[in-house]
Undergrad: 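Pasting a structure below so you can have a look.
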Amino acid sequence: MEIIIWRDEFSVGVAEMDQQHKKLLAMINRLIAEQKKLTDQKTIANLLTDMTDYADEHFRAEEFLMAEYDYDRKTEQEDQHKAFIEKTQSFCLAGNVGPNILSEALLDYLGTYLIGHILKEDMQYKHFFNKKGLR
Ligand SMILES: [Fe+2]
């Protein structure tokens with residue numbers, strides 16, 4: 001997995017969500033970079049925990065907005081967010097992380113999920129929130 005460079009087409013039209021997506025992307029990029037160094041197990045574990053904690057925080061902020069504005073794809077969003085956290089945790093339990101291990105499969109999943117979710121799912125709220133006056 002290569003470092004993912006943010007592009008304007010990733011923008012979901014809500015500044016706060018873009019900022020959070022950028023931070024999440026930076027945290028995933030930090031993990032991708034770590035695979036080439038494999039500093040030590042504790043560093044890797046901390047990076048992963050921080051990333052999943054932040055993803056959780058971001059998902060809650062996004063779902064809060066959806067609830068506030070009665071967004072009709074809130075359930076689909078919640079399901080996808082939940083699946084991301086669970087899948088990431090199951091990757092970690094299945095030997096994808098360990099001494100000198102940060103598997104390509106895990107990094108591939110993280111990067112692909114984030115970009116796929118932003119482009120396919122989050123992008124669908126762009127027009128909706130913009131119409132509600134959110135920028
Ligand atoms: Fe989302």
Side-chain angles (χ1 to χ4, degrees):
M1 190 74 190
E2 290 303 312
I3 296 282
I4 300 160
I5 314 278
W6 178 270
R7 295 198 298 268
D8 286 347
E9 65 187 90
F10 296 163
S11 171
V12 293
V14 181
E16 193 191 351
M17 293 302 114
D18 281 346
Q19 279 317 111
Q20 293 181 6
H21 285 154
K22 281 178 186 172
K23 182 168 174 186
L24 199 49
L25 184 64
M27 293 174 101
I28 291 175
N29 278 336
R30 176 69 181 79
L31 280 158
I32 292 170
E34 182 61 27
Q35 193 194 34
K36 294 178 176 71
K37 297 186 283 184
L38 294 172
T39 318
D40 62 70
Q41 203 188 345
K42 199 164 184 306
T43 304
I44 297 169
N46 286 341
L47 288 171
L48 259 166
T49 307
D50 289 351
M51 190 281 294
T52 38
D53 283 353
Y54 186 71
D56 208 42
E57 198 181 303
H58 160 63
F59 292 156
R60 273 184 281 127
E62 215 174 45
E63 289 165 15
F64 180 83
L65 274 187
M66 290 173 191
E68 201 171 305
Y69 289 89
D70 203 18
Y71 180 58
D72 65 352
R73 288 188 64 79
K74 182 171 172 279
T75 309
E76 286 82 352
Q77 282 273 2
E78 284 169 347
D79 289 348
Q80 290 183 28
H81 293 163
K82 194 163 169 273
F84 174 78
I85 300 292
E86 285 174 1
K87 182 84 179 163
T88 303
Q89 284 164 348
S90 74
F91 261 116
C92 295
L93 293 172
N96 288 275
V97 183
N100 298 312
I101 303 168
L102 185 53
S103 86
E104 186 64 21
L106 169 59
L107 296 174
D108 220 61
Y109 173 73
L110 299 179
T112 308
Y113 171 93
L114 184 67
I115 301 310
H117 181 77
I118 290 174
L119 291 177
K120 290 195 201 91
E121 190 59 56
D122 292 346
M123 210 49 81
Q124 294 188 53
Y125 65 55
K126 187 174 186 170
H127 184 63
F128 175 83
F129 281 142
N130 282 178
K131 246 175 57 188
K132 302 275 181 187
L134 238 74
R135 292 284 188 280

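Order of listing sets the numbers, starting from 1, for every ligand and every atom in it.
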Undergrad: Name whichever N, O or S atom of His117 ends up nearest to the Fe ion (ligand 1).
TA: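 Relative to the Fe ion (ligand 1), the closest nitrogen, oxygen or sulfur of His117 carries the name NE2.
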
Undergrad: Report the residue from Thr49, Thr39, Ile101, Val97 that forms a side chain to side chain contact (heavy atoms under 4.5 Å, CB included) with Ile44.
TA: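 Passing option: Val97.
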
Undergrad: Which angle, to the nearest 10 degrees, do you find at the Fe ion (ligand 1) between OD1 in Asp122 and OE1 in Gln77?
TA: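 Taking the Fe ion (ligand 1) as the apex, the two atoms subtend 90°.
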
Undergrad: At what distance, to the nearest 0.5 angstrom, does OH of Tyr125 lie from OH of Tyr69?
TA: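 Tyr125 OH to Tyr69 OH: 13.0 Å, rounded to 0.5 Å.
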
Undergrad: Can you tell me the N, O or S atom of Glu62 that's nearest the Fe ion (ligand 1)?
TA: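 Looking at Glu62, the N, O or S atom with the least distance to the Fe ion (ligand 1) is OE1.
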
Undergrad: What I want to find out is whether Arg73 reaches Glu121 closely enough, with some N-O distance under 4.0 Å, to be called a salt bridge.
TA: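 The answer is yes: the pair qualifies as a salt bridge.
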
Undergrad: Any non-hydrogen side-chain atom of Lys87 less than 4.5 Å from a side-chain atom of Tyr109?
TA: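 Sidechains of Tyr109 and Lys87: in contact.
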
